[in-house]
Amino acid sequence: MNDRATLADAIFRPRAIALIGATADQTKNNARAQRVLKKAGYAGRILPINPRAAEIMGDVAYPSIREAPGPIDHAFIMVPAAAVPDAIAGCVEKGVKVATLYSAGFAELGAEGRAAQDRIVAMAREGGMRLIGPNCLGLVNVTDGVPITNNAAVEAEALKPGWLSVVSQSGSMMGALLSRAMARDFTFAKLVSVGNESDIGAGEMAELMVEDEATRCVLMFLETLRDAPKLAAAARRAHALGKPVIVYKLGRSDVGRQIAVSHTGAMVGADELAATFFRENGILRVETLEGLVELPRLVLGRTPPKGNRVAVLTGTGGGAAMVVDGVGLRGDAVVGPTTEMRERLAAQDIHISASPLIDLPMGGGKGQYTTVLKELVASDHCDAVVAVLGSTARLRPTQVNENVLDVYDGSKPIAVFAAPQADEAIRICDEAGIAAFRTPETCADALHSFLNWRAPKPVEAVPPAAWRGAAERLYAVGAPRLDEAQACAVFEALGIEGPGSRIVAAPEEATGFAGPVAVKLLSPDILHKTDAGLVRLNVEGDAAIQATVADLLAIARDKFPQARVKGVLVAPMHRGLAEVILGYRRDPEVGPVVMLGMGGVLAELKRSYCVRLAPVSEATALEMIAELPELKLIQGFRNLPRGDVAALARAIRSISLLACLDGEAVQEAEINPLIIRAEGQGAVAVDGLIALG
């Protein structure tokens, strides 16, 4: 089923729903799906499937889906895992378009469950049927009154049609988001639990929701990224339509680093890669569950800000200071009033300091708060404003109308934080469409997400001529891992200067070198040769070079008898103004990335680096260079010699082009170090590795 509109109809607006595993026993979870459909007033046909019942809840029951009258658009499968294959087969025979699997016992249990899951997916695909789940709680189309779920929260809440849609990899968190948002009277269009994502994943579901007319904002609760390209496409389409995509993602740990073969793989964690993926695709990310619920009103109908500057106005210093701390710790700028603003306010007998926190005195003159807030909203020195409310918000909640709502013209986001428990004031803000926050932590979280929101990075078209030569050299190797000489040859084909190495097979071949050289064992099986004592620097004179070659070969035979030794590399010593590590990796979640960090033997000890999705342009490469404070030393800092920053930018772009190679060929690649020479003299890769997928 390739037509997106047809798929959306089958998922959200089916004409008939088969409930496979339905039961008349109201104490069982399987009964809930039928109850919530009836409670919602679903207008289509409900077909309970149970071999031991003729009727369930007033609907005719059928012993199997094969005997139920068609056509059937959607099946909700609630049988044990062992019975799922037959249910899938029956759905395929009946021409069911989509099946949602509440049933568990598949990939979440390990390899055996994964194999069973793969088999049912193959059956469904062969029959032209799509799957949601397994191990999911289903979905709810609130707009049209179509709940296909066993979620208890859906049965408990009186759902009102609205503008928020939710995609959750966790069924229970779908219910948690629903209940939390309902407490604020936020309303929903669609909610979906995708479970194991055996077929339709979170990204594809987001694509469907973005096109939904009722949906104005998509919230996502993610544990991992399984279909990043589709999520990226959904986010880019959402940006074009003015529909924010907001994500809360678990999995901030570094699981998976231990299997990496390069420093790049070891240094860059899963969460850093996810953050890069979200930022470059225009997705807003929050760190708190409450922020996921409360951020939408701050961003709805807006575009990414120009900067990350926020002004804070308060009459209660302590409450505002907590927000300021949270914002500052996240790296955002809290800006004070401009000189011109202070002068205008002083002319109205309102005197404020230049402090970043604008704290009006208790009992200040009537209208002072509103007057200052108007100035902040109209000013271009900040990108958002926080209005902190004190005890008055609880004692006289309607005063929020005068202090805040009368000022709000929609030109700039206002985040209201009520320091006391002020439910009525919060409700008034909610009804007016102004973002209101109950805690300083959530307020700071939401502000940081908005202030660091950026438009999706343009997708660059790369001509094949830029990488075709590298591909030819890479494919000619015919091995899963390239040795240093082969890797540097690929980098040279991409336009990165190589070390000028010569391979010698025996000591007597090491003659005729002018000046000091670097001597390294050449083997694709020994990755970090410095740690193994197989690299010697500043060796000079034929006798010394020959002795070093003999020594390295002897060490390799002794310590690494199984390693393939192709000889010894002898290369001129290269010197420059700085050393960086330049890496490429095809991440299993977010896809190809390029990393720039401080290089040499300290690469893993000094964790200073930045990451982008690959490929990158030279302009993006220059942004990466600007992010590393150490590289300011080669950009004219305190009149120090300038390095060839342009050559470094070209090298970053060049290695990122490995993402363009057909067949996802390269898993990891790295230059460590890349030596940056003086301005106009280029950059040289003196060590490298490439591991294939």
Side-chain angles (χ1 to χ4, degrees), residues 261-262 264-265 458-503 520 522-524 527 564 566-567 569-572 574 576 580-587 591-596 599 612-622 624-625 644-677 680-693:
V261 300
S262 66
T264 301
V459 178
E460 184 183 10
V462 180
W467 48 264
R468 184 173 287 142
E472 291 171 354
R473 293 200 183 194
L474 188 71
Y475 299 143
V477 172
R481 187 173 295 162
L482 280 66
D483 63 40
E484 181 182 334
Q486 293 167 332
C488 287
V490 172
F491 298 142
E492 287 179 13
L494 289 168
I496 302 171
E497 181 183 342
S501 300
R502 201 169 98 198
I503 303 173
K520 308 176 186 179
L522 181 61
S523 170
L527 293 178
R564 291 169 293 164
K566 297 186 173 182
L569 283 174
V570 183
H574 295 278
V580 298
I581 179 172
L582 187 53
Y584 167 87
R585 186 164 188 254
R586 185 170 287 277
D587 182 76
V593 298
V594 62
M595 186 274 283
L596 172 68
R612 294 292 190 277
L613 301 183
V616 300
S617 65
E618 285 189 31
T620 299
L622 288 169
M624 297 175 71
I625 295 168
D644 201 332
V645 174
L648 174 56
R650 290 193 297 272
I652 296 169
R653 169 177 165 73
S654 293
I655 198 171
S656 80
L657 297 183
L658 292 171
C660 302
L661 270 60
D662 296 335
E664 302 181 358
V666 178
Q667 179 61 31
E668 294 183 72
E670 184 172 279
I671 300 169
N672 183 26
L674 180 78
I675 296 178
I676 314 304
R677 299 194 188 103
Q681 297 180 22
V684 56
V686 298
D687 197 355
L689 67 84
I690 294 178
L692 305 185

Asker: Mind checking whether Val580 and Ile625 have side chains closer than 4.5 Å, heavy atoms only?
Answerer: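 A side-chain contact under 4.5 Å is absent here.
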Asker: Do Leu692 and Val477 come within less than 4.5 Å of each other through their side chains, counting heavy atoms only?
Answerer: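 A side-chain contact under 4.5 Å is absent here.
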Asker: Please collect all salt bridge (Lys or Arg N to Asp or Glu O under 4.0 Å) contacts where either partner lies in residues 458-473, sequence neighbours excluded, each pair once.
Answerer: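 For residues 458-473, and leaving out neighbouring residues, the salt bridge (Lys or Arg N to Asp or Glu O under 4.0 Å) pairs sorted by first residue read Glu460-Arg653.
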Asker: So, using salt bridge (charged side-chain N to carboxylate O under 4.0 Å, His left out) as the criterion, who are the partners of Asp483 when residues are at least two apart?
Answerer: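 Counting only residues at least two positions away or on another chain, Asp483 forms a salt bridge (charged side-chain N to carboxylate O under 4.0 Å, His left out) with Lys566.
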Asker: Carefully, step by step, assess Val594 and Met624 under the rule side chain to side chain contact (heavy atoms under 4.5 Å, CB included).
Answerer: CA-CA 10 Å; Val594 62; Met624 297 175 71; 4.2 Å; yes
Asker: Looking at side-chain heavy atoms only, is the closest gap between Pro499 and Cys488 below 4.5 Å?
Answerer: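 A side-chain contact under 4.5 Å exists here.
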Asker: How many angstroms lie between OG1 in Thr620 and CD in Glu618, if you round to the nearest 0.5 Å?
Answerer: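 The CD atom of Glu618 is 10.5 Å from OG1 of Thr620, to the nearest 0.5 Å.
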Asker: Is there a side-chain contact between Leu522 and Glu484 in this structure, where contact means two heavy atoms from C-beta onward sitting under 4.5 Å apart?
Answerer: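 In contact.
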Asker: Starting at CD of Glu670, measure out to CE of Met595 and round the result to the nearest 0.5 Å.
Answerer: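 The CE atom of Met595 is 6.0 Å from CD of Glu670, to the nearest 0.5 Å.
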Asker: How far apart are the closest heavy atoms of Ala683 and Arg677, and which atoms are they?
Answerer: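 Between these two residues, the closest heavy atoms are N-NH1, 4.3 Å.
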Asker: With rounding to the nearest 0.5 Å, note down the distance linking CD1 in Ile676 to CD in Gln681.
Answerer: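 Nearest 0.5 Å value for the CD1-CD distance: 12.0 Å.
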Asker: Could you give the distance from CG (Leu661) to CH2 (Trp467), rounded to the nearest 0.5 Å?
Answerer: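 So the CG of Leu661 and the CH2 of Trp467 are separated by 6.0 Å.
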Asker: What is the distance from atom CD1 of Ile675 to atom CG of Asp644, rounded to the nearest 0.5 Å?
Answerer: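 Those atoms lie 13.5 Å apart.
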Asker: Is any side-chain heavy atom of Pro592 closer than 4.5 Å to one of Tyr584?
Answerer: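 Tyr584 reaches Pro592 side chain to side chain.
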Asker: To the nearest 0.5 Å, how far apart are CD in Gln486 and CZ in Arg481?
Answerer: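 Here the interatomic distance stands at 12.5 Å.
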Asker: Is Asp687 close to Lys520 at the side-chain level, that is, under 4.5 Å between some pair of heavy atoms?
Answerer: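 The answer is yes; the side chains approach within 4.5 Å.
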Asker: Tell me the closest heavy-atom pair linking Ala651 and Leu674, and the distance in Å.
Answerer: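 Of all heavy-atom pairs spanning Ala651 and Leu674, the closest is CB-CD2, 3.9 Å.
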Asker: In the structure I gave you, are the side-chain heavy atoms of Leu494 and Leu658 within less than 4.5 Å of one another anywhere?
Answerer: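 Leu494 vs Leu658: side chains touch.
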Asker: Within a strict 4.5 Å, meaning less than it, do heavy atoms of the Leu648 and Leu596 side chains meet?
Answerer: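 SC-SC contact between Leu648 and Leu596 confirmed.
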Asker: Taking all heavy atoms of Leu569 and all of Ser501, pick out the closest pair and write down the distance.
Answerer: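 Looks like CD2-CB, 3.7 Å.
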Asker: Quick one: closest heavy-atom pair of Val462 and Pro615, and the distance?
Answerer: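 Nearest heavy atoms, Val462 then Pro615: CG2-CG, 4.1 Å.
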Asker: Mind listing the closest non-hydrogen atom pair of Ala669 and Ile690 along with its distance?
Answerer: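 Result for this residue pair: CB-CG1, 3.9 Å.
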Asker: List in chain and number order the residues that pass salt bridge (charged side-chain N to carboxylate O under 4.0 Å, His left out) with Glu492, two or more places apart in sequence or in another chain; answer none if no residue qualifies.
Answerer: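 Glu492: no salt bridge (charged side-chain N to carboxylate O under 4.0 Å, His left out) contacts found.
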